[in-house]
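Contents: one structure, followed by commentary.
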Amino acid sequence: MVVLPGDIVPIPESEQTVRVGPGLRQDVANIVVAKAGILKQSVTGDRVWVEGNQRRYVPQLNESVIGIVTAKHVEGFRVDIGGAHPATLGALAFEGATKRNKPNLEIGALVFARVCLANKDMDPELDCVNPSNGKADGFGEVKGGFMFKCSLGLCRSLLDPKNPFLQHLGAICPFEMAVGMNGRVWVDAGTPKQIIVLVKALLGSEAVPYSKARTYVKEFKSDLTSVE
Amino acid sequence: MNTGEQPVSTSERNFVTAALREGLRVDGRGAYEFRDLAINLGDGGYGSAEVLLGKTRVLANVAAEVVRPNAANATEGFVHFNTSFSPMASPAFEQGRLTDEEVLISRMLEKALRRSRAIDTEGLCIIAGEKVWSIRIDIHVLDHEGNILDCACIAAIAALLHFRRPDITVEGDNVIIHDMDERNPIPLSIHHIPICITFGFFDNGDRVLVDPTHLEEQVQDGNFIVVVNTHRELCTMSKAGGASLDVARIIQCTEVAAAKAAEVTELVRTALSKVIIRISIYCQHINQFITKVQ
Amino acid sequence: MISVCERDYIIGGVQANARGDGRRRTDARPLLSFELGAVPQASGSAKSAALLVGVKVAIAEVSHVGAQADDDDDVETMNTRSKHLGISEDSIRKYSDFCSKLLNSDAGGLDLASLCFVPNTTCWVIHVDVLVLAYTGNLLDTMFQAIRAALANTLIPKVSVEESGSGLARSFEFDVADEETEELKGVNDIPAVVTLYKIGNYHVIDPTPLEELCSDVQLTVAISRKGLPCAIHKYGSGSVDPSLLADMIQDAKKHGLASLEWMDREIQREKLRLSNLE
Amino acid sequence: MRSNGRTDEHQLRPLSASFGVLSRADGSSRFGFGTTEVLASVFGPKEVRIRDEKIDSATLQISVRPLNGLSGPLHRLAERQLRDLIEAAVLASIHPRSAIQVTIQVTGDDGCFMSAAVNAASLALLDAGVAQRHLLASVTLAFDPNGTLLLDPSLKELETAKSVHTFTFSNSNDAVIAGVSSEGVYSQDEYKQACTVAQQACATIHSFYRKTMEQKLAPQ
Amino acid sequence: MALDSKRIKGPEKSFVPLPLLVQSTPTPTPTSTKTKGRIDGRGTDEVRPLFATTRLVRQASGSAFVEVGGVKVVCAVYGPKPVPASKVQDHHSGGRISCDVRLSPFAALKRKQFMKEPAEHSLSNNLHTALLPSLLLAHLPKSQIDIHIQILQAQNPTSIPPNAFVSSLSLLLAPCITAASLALADAQIEMMDSVVGCNLGIYRNPSTQKLFWMVDCTEEEIETRSNGGGVWVGNCVVGVMPSIGKVTGLVMDGDIGDVGFVMEAVQVCVDACAKIHEVVVKKALIESAQAKE
Amino acid sequence: MVNPDTFKKLHPQEFHRRFLGKGVRPDGREGLMIDLLNLTLVTPNRIHRNCKRKCARSNGWNTVICGIKAEVAVPDTNHPTTGYLVPNVDFPPICGSQFKPTAPGEFTQSVSEMVYRVVKGNNILDLETLCIEGGKAVWVLYADIVFLNYEGNAVDAALLAFTAALKDTKLPVAVYSDVEGTVRADAADRSVSLDVKRVPFGATFGIFEQDGGAKMAMADPTDEEEAVLISSVTVVVDGESQELMGTFGAQVPIDLMDQCIGQAKKRATAIKKL
Amino acid sequence: MTVVTPGERLGLAGEFFASNGTVEVGDHIYASIVGTVTTTKSTTSGELDTIQVIPTKKTMKSSIPEVSSIVTGKVLRVNPRMATLSIMVVGDQPCADNFQGIIRVQDVRATERDKIQIYNCFRPGDIVRAEVISLGDSRSYYLSTAKNELGVILATSVAGHTMIPISWEEMVCPKTKAVENRKCAKPVAIGESSTQ
């Protein structure tokens with residue numbers, strides 16, 4: 001059901017306490033819509049949220065993002081993640097980083113990182129290491145390839161494990177991809193040609209329903225496989 | 001770093017050039033290929049044109065009023081250009097603060113449109129020393145996805161060609177301005193149609209392309225601007241800084257520019273003709289209506 | 001910025017009538033000579049080791065203000081300076097203010113009325129721009145000298161006027177004969193400017209930048225050819241006892257006349273040089 | 001018969017609305033009453049200059065730009081009125097120390113641009129996914145010389161109007177006037193009449209919003 | 001004109017209507033030459049009645065209103081407040097003051113356009129110099145005191161428009177100084193002494209060519225440029241700390257005679273200021289002190 | 001230890017809520033009711049005695065002075081017989097520390113615009129009467145409204161000063177001579193008084209939201225109160241005909257608005273008496 | 001009870017010890033403000049009596065911070081190195097224009113300085129009482145909260161309710177019961193400010 005800000009959402013019957021998700025807010029006794037989109041409800045009925053789409057990123061704890069290094073300090077790096085405030089990435093927030101050997105990121109470098117502090121009163125902070133095991137878990141600088149910007153909605157669907165486009169495209173030509181929740185996607189493949197086509201395909205997929213994925217991807221097959 | 005513009009990552013930078021080396025552009029275009037051009041006329045009434053060059057969007061609007069001429073040249077009307085870079089076009093454009101880019105672009109437009117004498121200012125005179133038309137062209141940059149200049153130039157020209165000023169009759173000292181639907185409004189007399197073509201350079205000038213996108217502009221080593229009309233007359237050229245170019249390159253570019261200008265002019269003309277027909281039909285209809293009344 | 005001991009040293013020296021560079025309180029440094037017409041595209045110019053002054057004349061509408069239509073032109077001095085010189089914006093503004101005020105007043109010497117060619121509406125405006133090349137202290141005095149020289153070097157085109165139009169909208173056609181030019185009337189009556197810097201209980205003239213920092217009162221005096229003061233302005237954060245004024249002005253007079261004399265010689269010499277060039 | 005071919009004095013011109021018109025902006029929309037068209041863009045929450053940083057909420061930066069000529073006091077007032085409206089609508093407190101920038105560009109003016117601006121702004125904020133309490137709908141009305149109330153008047157009609165009234169209502173509570181701005185000379189009864197008609201007209205516009213949004217989200 | 005777009009526009013140009021031809025050149029009425037020689041019959045060393053009061057601008061830390069003849073000025077003092085980042089040099093020395101004098105658009109006969117006029121700048125500068133010596137700024141580290149003066153009326157509406165520079169200083173500077181110092185005292189800013197301003201006109205007797213002075217000239221006396229049988233040749237404005245008897249501000253212009261005459265003129269002003277201080281300024285301060293807020 | 005001033009400075013919202021919760025205002029006034037004593041139109045004995053000027057001190061302590069300057073100009077080519085009336089409001093830095101000595105900002109401009117809108121269409125005075133010689137010369141009335149002390153509610157104060165000044169403005173008889181193309185007038189005798197058709201009075205109400213979300217209106221809010229208001233409503237009433245001449249406002253319940261209009265009318269009549 | 005004005009001669013420099021509201025110029029003492037003169041006999045013999053002028057206006061409209069004066073203000077910004085404060089009140093004297101001060105991480109509290117995480121002590125919007133420890137740099141005063149009675153005196157929780165301190169480094173939201181970290185001032189302070 002499409003809802004608009006100001007609409008009042010009927011409180012779903014559920015034995016557990018209902019949790020109010022994104023796009024909704026609690027106003028006294030009512031659940032009121034704050035963002036336009038489609039009202040969703042978890043099967044268990046204890047969570048309601050509005051699924052919308054937007055371009056501006058607002059940092060959330062533990063989300064993975066792609067940032068661009070804009071400055072270097074003693075304590076670490078200043079990173080642009082497309083939010084309202086620049087994020088800070090501690091020099092020690094890398095796998096195996098110590099006071100002795102700090103990672104050396106150049107200005108303009110791309111980092112795939114995790115939001116470890118998101119508080120409306122403070123500038124966000126990132127790290128490139130899993131605090132539990134001190135491992136990088138794929139976080140860190142990403143080199144080569146190409147980074148393109150897209151809607152947050154597309155990012156979400158690219159992270160969706162049952163996203164068919166990725167499977168089909170991958171079947172045609174193998175490629176690397178890193179998806180930041182901040183509307184930035186990084187891809188790398190054999191040739192620039194392939195990268196360009198992939199980017200086009202991925203951006204295009206936003207408007208295509210999953211059901212039509214196979215046929216949609218077919219269009220790009222020739223371009224992706226042709227070798228010059 | 002206080003330009004609200006998003007920084008460009010090294011990976012983007014490198015990829016753009018890498019792709020170019022293989023003759024590819026990130027958006028899949030050929031080097032001398034323009035993005036799709038959409039010209040939308042007359043939404044804001046006479047003399048309003050909204051032009052889309054790919055996703056770059058510029059709105060131009062023309063208005064006229066009767067004023068007193070300068071003592072110095074009593075028989076010349078006025079033509080004012082005003083280019084405004086709306087904050088909606090890009091976070092880099094701030095209210096009340098001009099970036100160098102903005103200044104450069106408005107200067108080039110000024111050169112391309114006014115200095116090339118595209119508009120006949122003598123024709124704007126009503127009563128020498130007393131009353132003349134003052135034409136004001138407002139150019140609003142609404143969406144910045146690269147190559148604002150070419151887009152703005154097209155928009156301005158389209159708006160000027162589409163513009164109609166109310167008809168007038170002079171009786172001694174005073175002037176009667178006729179209502180638009182009382183008498184057919186009058187188009188401006190435009191001498192020629194200057195079209196602006198911008199080239200971007202990469203690899204220290206080894207690779208050239210037209211109509212650079214925003215990303216390409218951020219990465220390019222320099223640019224070269226040619227303003228030319230369908231008679232293959234050059235109006236302005238500009239090569240401000242950036243990578244150096246050999247002469248042959250320049251000649252080649254101007255050739256390309258001339259060709260491109262012809263294409264673009266054609267697009268503008270067709271866009272106009274559609275509306276013009278609409279207008280003229282409308283006017284006939286009005287005339288019939290009037291004659292019936294009399 | 002100046003350290004306390006430096007300050008004490010200088011004040012002490014002044015008291016003992018012996019200054020850092022061996023001068024006595026009322027000794028001036030040798031005046032810098034000028035080169036006139038240094039800037040060809042300007043209407044007039046003068047260049048010294050420390051200063052470059054350019055004069056540009058332009059035609060302007062003066063607002064038409066009732067009976068006493070102000071038929072004066074206005075001389076604006078606008079100072080542009082390179083950053084590193086230790087001159088504060090405020091003092092620059094003060095100096096410009098003083099110069100334009102003096103030159104626009106009756107005491108300024110220039111015959112301003114003669115610069116107005118369409119009654120109540122149009123006249124020449126003389127723009128004076130001063131560029132400070134080197135700052136050696138006592139800027140206002142040297143600056144005014146340079147301006148004086150530049151004005152002496154200034155030529156204005158002759159103008160012929162005819163009227164057209166009617167009503168409040170009436171306008172004047174005039175054409176400017178660029179080849180025919182004339183000198184400004186009354187350049188020679190422009191006074192000389194001498195600033196006295198009170199340091200401790202005594203005053204010095206032509207101070208060095210350091211000495212300036214020690215002075216809490218500056219008294220700027222304009223001296224006419226007759227040797228009479230025609231403008232006295234007090235600057236600085238301190239106050240003065242009226243009784244001190246007397247000998248300050250006396251000294252000003254002495255040096256004013258001296259610098260006038262010297263200026264005349266300088267300008268003569270330069271004019272000669274220029275005429276020989278043609 | 002009204003100048004621009006409308007039959008009824010309480011009739012709106014054909015409404016038009018579209019989302020995501022601009023590619024750089026975080027959100028954008030175009031709203032039109034007939035040939036009166038306004039383009040609105042939203043950036044934010046984005047970085048804000050220290051000078052106008054608020055520690056407990058986002059700063060609203062609003063600029064209204066005319067189609068032709070310089071902007072002046074008229075537009076500053078328009079901006080102030082827009083700010084009053086938007087401040088009440090947007091949940092600014094969840095984005096402290098940041099800016100939400102709303103830019104309004106008139107692209108065609110045949111009267112009532114202010115109402116169009118309000119509506120466009122509200123939709124642009126919607127498109128940008130900025131959290132809001134409610135949406136806004138605005139209409140303009142005018143009393144012609146012989147006292148008939150005209151809804152959504154054209155420039156021609158405004159020239160001769162005796163008084164002009166611009167009302168804004170939210171979709172959450174229409175007992176509260178979200179915003180009003182009246183000019184000219186008029187009686188209290190006339191004002192009341194205008195207010196009630198405006199209320200209904202705004203309701204129409206709100207349902208128009210919903211239709212447009214449903215169409216937009218239909219494919220998914 | 002960028003400024004214009006920020007205000008409600010009028011016509012491009014407008015003029016003050018010229019007076020009727022009959023009396024286009026105002027001549028001093030014969031009576032003026034009689035009675036102690038001055039147009040308004042005052043003695044040469046007599047100052048005009050001056051009205052001064054404090055607490056006009058409630059928002060300010062201190063404020064004052066001064067009226068003398070056709071001149072009316074309001075002064076408000078704000079602060080001490082933090083020194084604006086742009087102006088910070090060495091903050092360990094004491095505070096600073098900023099002076100801003102503005103003519104209201106309707107202050108003079110010809111409406112003032114909105115951009116600042118040179119006269120306003122030179123007034124601000126001279127005011128700054130005249131006040132600085134009196135203030136004990138060492139007590140206010142890192143802070144700034146803003147002194148704003150709004151000139152409501154610069155001349156009698158019927159008189160002739162002044163030649164901007166001369167009369168703006170000779171007529172306006174003195175009241176500005178007095179008002180500002182009063183406002184500072186009202187704001188409890190520590191000072192050695194209040195500063196009082198006074199102007200003096202210098203005239204030459206056409207026959208004898210001798211110079212003579214008249215204290216506290218009105219703008220008629222300056223603009224008609226002739227008075228008590230003399231021709232106006234110069235003017236002098238002095239700012240004085242009356243109790244300490246020191247000159248804080250001095251502006252003399254025009255034909256001001258030899259050293260002796262200058263000294264005399266200055267001394268006369270000093271005495272006049274002392275008078276004004278006793279009779280008006282002190283009274284105003286004490287009144288406001290006793291008047292409970 | 002914490003005195004009221006400090007408390008107000010630290011938590012203005014809380015401070016006012018505590019008062020208004022009890023239906024009282026920090027300065028002792030009541031909500032909607034307009035305390036007429038608070039509203040005096042001064043033609044000050046000493047200050048600004050001048051035929052072209054008037055000083056209005058309105059609502060509490062705002063001190064506003066409106067000077068009207070009459071000059072002549074060439075009429076607009078399209079309206080050769082209409083004069084100009086140009087109101088401009090200015091907040092020089094003297095009137096409050098929040099105003100900086102820069103070009104007018106949004107606030108200043110919007111207040112000017114509001115005044116202008118009230119003045120504009122409503123032919124407060126017939127601009128045709130300002131014509132001296134058709135197509136050649138007309139009067140321009142510059143109404144400059146300058147705040148000397150600002151404590152909130154700008155529009156009311158500005159309008160009050162404006163109308164007061166306009167009412168006692170007198171123009172000299174102007175003569176146009178085609179020969180020299182100038183206008184002459186005897187500045188000394190000002191005999192022609194303007195025929196002012198309408199006298200707009202502004203009444204502004206601050207809308208304050210109480211804890212429950214209930215909204216209350218308070219007449220003539222001070223600048224301190226304005227800081228904690230959710231919005232405000234201005235109603236302009238013609239003192240002559242009791243007709244409305246403008247309503248500006250936001251976030252006000254319809255019924256509350258009606259009350260405000262009622263109050264505004266009462267006020268207009270009251271001021272007219274003064 | 002006579003009122004003196006600035007510049008009024010109060011006596012010879014030798015006679016009195018010139019205190020507040022007076023100034024020595026040359027060999028005289030003058031009043032430096034408007035007020036009433038009071039002389040206080042010196043207790044110890046040989047010392048001069050003190051002369052001072054008591055201002056008649058109860059208070060100066062605006063007061064300025066000095067070293068060791070207690071100030072109250074609002075936290076504007078926090079970053080790992082410092083918290084920026086807008087000083088609104090000096091003593092119990094509101095400032096007309098706010099001064100800027102900073103609390104550097106090492107000045108937050110007396111103990112375990114190295115463990116301090118600024119955002120566990122202050123959040124933007126908190127009202128903090130602090131002491132001026134130096135005139136600081138050109139822009140801001142340096143402040144310290146390293147005393148029991150200094151620190152946060154009023155803070156609102158994420159949910160937007162006024163929180164109650166439960167220890168010297170914790171506060172709790174009365175509604176949501178959520179506990180947040182702060183460097184609290186001794187709770188009495190809160191009691192006072194809320195008994196209004």
Side-chain angles (χ1 to χ4, degrees), chain A residues 1-8 20 22-27 30 32-40 50-59 70 78 80-87 118-124 149-154 156-157 182-183 203 206-212, chain D residues 19-20 22-28 42-48 53 55-59 89-91 93-101 122-123 125-137 169-174 178 206-207 209-220:
Chain A
M1 178 183 67
V2 172
V3 289
L4 294 177
D7 295 355
I8 291 177
V20 173
L24 297 172
R25 66 190 177 96
Q26 185 178 358
D27 182 8
N30 304 329
V32 187
V33 178
K35 296 186 181 186
I38 295 163
L39 185 68
K40 300 268 178 157
V50 174
E51 187 155 298
N53 189 3
Q54 67 188 66
R55 292 176 177 173
R56 173 66 62 164
Y57 179 63
V58 178
T70 60
R78 196 168 247 276
D80 171 282
I81 57 169
H85 306 103
N119 175 310
K120 66 180 170 58
D121 292 327
M122 245 108 26
D123 289 357
K149 307 176 182 71
C150 64
S151 79
L152 304 191
L154 181 55
R156 242 184 279 117
S157 68
N182 58 337
L203 280 172
E206 185 168 13
V208 184
Y210 283 0
S211 53
K212 298 209 173 57
Chain D
F19 294 97
L22 302 174
S23 77
R24 290 298 295 281
D26 294 324
S28 60
V42 171
F43 281 90
K46 67 197 261 285
E47 214 157 354
V48 61
E53 174 185 80
I55 59 167
D56 53 355
S57 88
T59 310
V90 168
L91 293 159
S93 61
I94 55 180
H95 300 302
R97 305 179 305 114
S98 67
I100 295 175
Q101 180 190 55
S122 189
L123 293 180
L125 286 162
L126 194 69
D127 184 45
V130 175
Q132 299 183 84
R133 288 190 188 76
H134 51 245
L135 293 180
L136 297 167
F169 285 96
S170 78
N171 59 339
S172 60
N173 174 0
D174 73 348
H206 277 300
S207 49
Y209 288 167
R210 194 172 297 277
K211 238 197 268 92
T212 335
M213 199 60 195
E214 274 159 359
Q215 281 161 9
K216 179 183 174 232
L217 297 176
Q220 288 146 18

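To find a chain, count down the sequence lines: A is the first, B the second, and so on, and within it residues start at 1.
Checked by atom type and distance alone, the side chain of A:Lys35 pairs as donor or acceptor with a backbone atom of D:Gly129 at under 3.5 Å.
Residues A:Asp121 and D:Arg97 are not paired through a salt bridge, judged by the lack of any N-O separation under 4.0 Å between the basic side chain and the carboxylate.
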Yes or no on side-chain contact (heavy atoms from CB on, under 4.5 Å) for A:Val58 and D:His95, after CA distance, side-chain angles and deciding distance?
-> CA-CA 9 Å; A:Val58 178; D:His95 300 302; 4.0 Å; yes
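Residue contact with chain A, scored on non-hydrogen atoms closer than 4.5 Å, involves the backbone of D:Val130 exclusively. Interface residue D:Ala25: only backbone heavy atoms are found under 4.5 Å from chain A. Only the side chain of D:Leu91 comes within less than 4.5 Å of a heavy atom of chain A; its backbone N, CA, C and O stay farther away. Within the 4.5 angstrom heavy-atom criterion, no atom of D:Leu125 approaches chain A. Heavy-atom distances place no part of D:Asp56 under 4.5 Å from chain A, backbone and side chain included. Only the backbone of A:Val33 comes within less than 4.5 Å of a heavy atom of chain D; no side-chain atom from C-beta onward does.
Looking only at heavy-atom pairs under 4.5 Å with chain A, the residue among D:His134, D:His206, D:Gln132 that has the most is D:Gln132. Annotation: maximal heavy-atom pairing with chain A below 4.5 Å, among D:Pro45, D:Ala89, D:Ser170, occurs at D:Pro45. Counting heavy-atom pairs closer than 4.5 Å to chain D, the top-ranked of the candidates A:Gly6, A:Gly82, A:Pro5 is A:Pro5. Per-residue counts of heavy-atom pairs under 4.5 Å with chain D were compared for A:Gln54, A:Arg55, A:Arg25, A:Lys149; the largest is that of A:Arg55.
Separation of atoms OG (D:Ser172) and CG (A:Asn30) is listed at 11.5 Å; rounding is to 0.5 Å. One finds the CD1 atom of A:Ile38 at 5.0 Å from the CG atom of D:Leu217 (value rounded to the nearest 0.5 Å). Put simply, CG on A:Leu4 and OG on D:Ser122 are 9.5 Å apart, with the number rounded to the nearest 0.5 Å. Rounded to the nearest 0.5 Å, atoms OG (D:Ser93) and NZ (A:Lys120) are 7.0 Å apart.
Qualifying salt bridge (Lys or Arg N to Asp or Glu O under 4.0 Å) partners for D:Arg210, counting only residues two or more places apart in sequence or in other chains: A:Asp7. Partners of D:Ser207 under the side-chain hydrogen bond (donor to acceptor under 3.5 Å, both in side chains) rule, at least two apart in sequence or in another chain, do not exist in this structure.
Looking at A:His85 and D:Ser98, their side chains come closer than 4.5 Å, going by heavy atoms from C-beta outward.
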